[in-house]
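Working notes for the structure below.
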Amino acid sequence: MRAIGVHEDVIVVESRIWRTTATIVRSGDEAFVIDSPVFPDELEMLPSLLEQADFRFSGLLATHGDWDHLLGRLAFPGAALGVAETTSARLRATPGGAQRELRDFDDRFYVERSSPLALGSTEALPVPGYCGLGEHELELHPADGHTVDGMAIWIPWAEVLVCGDYLSPVEIPTPGASIEAYLATLERLEPFLDRAVHVVPGHGGPVGPDTARRLLEEDRAYLAALSVRALAAAALPQGRRDPEQRRLHAANLVRLDGPE
Ligand SMILES: [Zn+2]
């Protein structure tokens with residue numbers, strides 16, 4: 001697991017799998033962990049990482065309800081987990097869903113965990129809205145399209161945008177909910193790229209604002225071509241044409257043709 005300090009109050013860690021990111025943000029004597037790494041040893045390392053950096057843990061946030069972003073409670077059992085109202089509704093509608101997908105992953109890769117994941121109660125946060133942290137407030141903005149739920153988190157004093165599964169330098173867009181919603185989220189995120197010093201996508205990050213802007217244009221072009229099925233796999237954005245991205249692209253086409 002890699003840990004990168006992007007501001008005196010913000011550390012980004014990146015999991016060994018899927019380059020899934022978690023962002024640790026501090027204000028005063030409080031700190032939130034946004035999203036999560038995936039492997040048990042990475043999760044076990046989090047509390048001591050916070051301690052070493054003099055970040056006092058106070059709670060968890062998740063950008064969206066996909067299981068690989070929800071594992072914070074394995075590192076901080078019993079901690080409060082704040083999610084967008086849309087994510088809270090999604091988790092309530094599919095009880096045990098994230099745990100099942102985690103179990104499938106663990107079975108497939110022979111991963112052993114010492115305790116099961118408890119997602120029983122979450123704190124539903126109004127989005128758009130604000131979330132207090134120490135002496136500051138985090139800004140919460142809707143970020144749906146990849147999934148039906150989700151939020152992007154703007155950290156004003158650090159000028160860091162934690163955007164969930166958008167603007168990834170390693171993964172093409174997967175508009176699991178809708179292409180229109182995905183494009184609307186990109187539009188909502190765009191103005192922040194003029195203010196951000198760092199952008200932390202859900203997979204592969206952090207990136208600078210220039211890279212984020214390039215990714216946003218590439219993703220827009222990709223989604224436009226996808227929506228009219230006018231795209232060969234070979235025309236995927238440069239740097240995101242590997243076999244896994246071709247597989248995701250094929251899955252995007254299948255989803256497009258499937259029942260809505
Ligand atoms: Zn993800």
Side-chain angles (χ1 to χ4, degrees), residues 1-2 12-24 32-40 42-43 46 60-75 81-84 86-88 90-91 94 97-106 108-109 111 117 119 122 127 140-153 160-179 181-182 185-186 189 199-207 212 215-216 218-219 222-223 236-237 239-240 242 244-252 255:
M1 182 172 72
R2 286 205 300 165
V12 179
V13 302
E14 211 185 60
S15 177
R16 298 193 300 278
I17 186 151
W18 301 317
R19 296 186 58 187
T20 304
T21 60
T23 304
I24 309 156
F32 284 158
V33 176
I34 307 168
D35 291 346
S36 61
V38 177
F39 286 121
E42 298 174 327
L43 288 157
L46 278 184
L60 300 166
L61 295 174
T63 56
H64 62 297
D66 282 355
W67 71 269
D68 54 318
H69 301 263
L70 287 175
L71 307 181
R73 278 203 182 131
L74 292 171
L81 170 61
V83 295
T86 49
T87 299
S88 175
R90 177 182 165 197
L91 294 175
T94 51
Q99 285 90 340
R100 258 192 310 280
E101 288 183 80
L102 171 63
R103 219 158 36 233
D104 288 348
F105 172 85
D106 287 349
R108 186 169 160 213
F109 295 105
V111 175
L117 175 63
L119 288 175
T122 56
V127 178
L140 313 177
H141 297 275
D144 56 319
H146 164 60
T147 54
V148 295
D149 63 309
M151 61 179 176
I153 300 166
V160 173
L161 177 69
V162 181
C163 58
D165 282 4
Y166 301 88
L167 305 178
S168 168
V170 292
E171 200 169 87
I172 60 167
T174 51
S178 98
I179 291 177
Y182 200 115
T185 288
L186 291 183
L189 296 178
V199 176
V200 187
H203 300 274
V207 297
L215 293 166
L216 190 141
E218 286 177 3
D219 289 354
Y222 171 75
L223 291 166
L236 290 176
R240 292 184 285 171
D242 53 90
E244 178 63 7
Q245 302 317 302
R246 287 162 190 253
R247 191 188 67 77
L248 291 175
H249 173 59
N252 280 343
R255 196 183 299 118

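Ligands are counted one by one from 1 in listed order, and the atoms in each one are counted from 1 as well.
Note on Asp165: its N/O/S atom closest to the Zn ion (ligand 1) is OD2. Within His69, the N, O or S atom at minimum distance from the Zn ion (ligand 1) carries the name NE2. The nearest N/O/S atom of His203 to the Zn ion (ligand 1) is NE2.
Contact check for Ser36 versus Thr20: no side-chain heavy atoms found under the 4.5 Å cut-off.
The distance from the CD atom of Glu101 to the CG atom of Leu117 is 11.5 Å, given to the nearest 0.5 Å.
Using the six-membered ring where Trp is involved, Trp18 and Trp67 have ring planes that are perpendicular, over 60° apart on the 30 and 60° scheme.
If you check the side chains of Thr87 and Asp149, you find a donor sitting under 3.5 Å from an acceptor.
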